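Ligands are counted one by one from 1 in listed order, and the atoms in each one are counted from 1 as well. Owing to the predicted nature of the structure, the values given are computational and were not obtained by experimental measurement.
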Amino acid sequence: MADHYEVLGVERNATADEIKKAYRRLARELHPDVNPNPEASDQFKLVTHAYDVLSDPNQRQQYDLGPQPGFGGGGAGFGGFGDIFETFFGGGGQSRGPRSRRERGQDALVRVEMDLDEVIFGSKRDIEVNTAVLCETCSGTCCAPGTSPATCDICHGSGQIQRAVRSLLGNVMTSSPCGTCRGYGTVIPHPCPTCQGQGRVRAARTISVDIPAGVDTGLRLQMPSQGEVGPAGGPQGDLYLEIKVRHHDTFSRNGDDLLATLEVQMTDAVLGTTSTLKTLDGEVRIEIRAGIQSAEVLTIKDRGITRLRGGGRGDLKIGIQVVTPTKLNHKEQNLIKELAKSQKTVAPHLAHFQQGLFAKLRDRFLNV
Ligand SMILES: [Zn+2]
Ligand SMILES: [Zn+2]
């Protein structure tokens with residue numbers, strides 16, 4: 001990489017003011033707004049970088065020092081200040097070094113709404129996910145095609161900046177992440193234009209998912225490595241599908257069982273009948289015995305929800321609600337009166353306290 005002093009055309013002992021003047025002069029000449037030549041644009045970047053380094057006293061000092069032993073490209077052995085520092089203070093010298101631009105991406109969350117009938121057997125869904133994906137222009141290198149990262153000339157590739165600090169033991173070197181390359185050890189002189197040097201772009205894609213039977217609201221299904229692509233094309237995080245089961249007008253759910261209410265006309269309840277119910281997965285024929293009471297529960301085995309774990313299905317539980325006729329014509333009224341006369345009917349009387357019909361239905365459902 002070109003020498004920063006040469007790039008700016010100043011002496012090595014130039015003052016801060018001289019450096020600033022040199023930069024202004026070159027910037028007026030090379031700035032992309034005034035000079036459309038692509039070479040000028042590249043030169044402008046170089047000049048700006050050189051100015052960034054040399055106008056910061058710390059960075060300039062570091063640059064003037066050149067590569068330090070023990071860090072990035074230095075020789076092995078007990079020669080550098082870094083080694084001495086680590087000997088006394090036990091710093092993890094070996095593990096320190098440039099950090100990778102490439103990092104694992106974050107997890108992503110997508111909400112999926114399902115109907116109850118999809119829950120019974122599971123469903124195959126095409127789900128649109130909007131996450132970061134690998135940039136196809138640079139394949140995650142972050143560099144414009146045909147270019148590559150350059151070793152950071154402030155930290156000389158180590159990602160660390162050393163500073164001499166006075167202490168009881170004399171001068172020791174401490175290190176902190178390099179501000180120029182943010183600890184990566186390299187800079188990207190020509191960022192990829194597609195991803196602005198991020199190595200990833202946002203995109204929507206559609207994935208096919210088999211949602212297993214038996215899921216319930218709030219459940220999160222983990223799909224490994226389907227989440228966000230990380231910085232610099234790092235490995236994908238996981239994708240989580242959060243399930244929401246839509247309310248159903250007829251059926252509700254209690255664990256693996258399905259609950260429903262069946263209204264039975266008084267005459268049917270008295271005489272008994274059979275009925276064909278349309279359930280979520282086909283028709284079921286049930287028998288309503290003569291004399292069935294409100295709040296009785298009929299259990300239809302294995303017509304509930306497929307168990308998420310362990311297989312098999314829960315039951316369908318039908319709570320009976322006997323409907324008293326409200327509109328009788330004259331003839332019907334007489335028939336009922338006849339019936340009342342012929343039966344030794346029991347007058348209304350207080351019974352054991354019981355909660356309302358619906359509470360009772362609920363209790364029965366849970367205890368059957
Ligand atoms: Zn790119
Ligand atoms: Zn650096």
- [ ] Return yes when at least one N/O/S atom of C142 is nearer than 2.8 Å to the Zn ion (ligand 1), and no when none is.
- [x] no

- [ ] Decide, yes or no, whether a salt bridge links R246 with D249 under the criterion of side-chain N to carboxylate O below 4.0 Å.
- [x] no

Open item on the list: When you measure from the Zn ion (ligand 2) to the N, O or S atoms of C155, does any of those distances fall below 2.8 Å?
Closed with: yes

Task: Charged N-O contact under 4.0 Å between D216 and R253 - done: yes

Open item on the list: Distance check below 2.8 Å: does C143 bring an N, O or S atom to the Zn ion (ligand 1)?
Closed with: no

Open item on the list: Regarding E242 and R220, does a basic nitrogen lie under 4.0 Å from an acidic carboxylate oxygen?
Closed with: yes

TODO: Please tell me if the side chains of E228 and R202 come closer than 4.5 Å, counting only heavy atoms from C-beta onward.
DONE: yes

TODO: Please calculate the SG(C195)-the Zn ion (ligand 1)-SG(C135) angle and round it to 10 degrees.
DONE: 110°

TODO: Please calculate the SG(C152)-the Zn ion (ligand 2)-SG(C178) angle and round it to 10 degrees.
DONE: 110°

TODO: Assess whether side chain to side chain donor-acceptor pair (under 3.5 Å) is satisfied between R163 and T174, documenting all intermediate values.
DONE: CA-CA 5 Å; R163 281 196 182 89; T174 65; over 6 Å; no

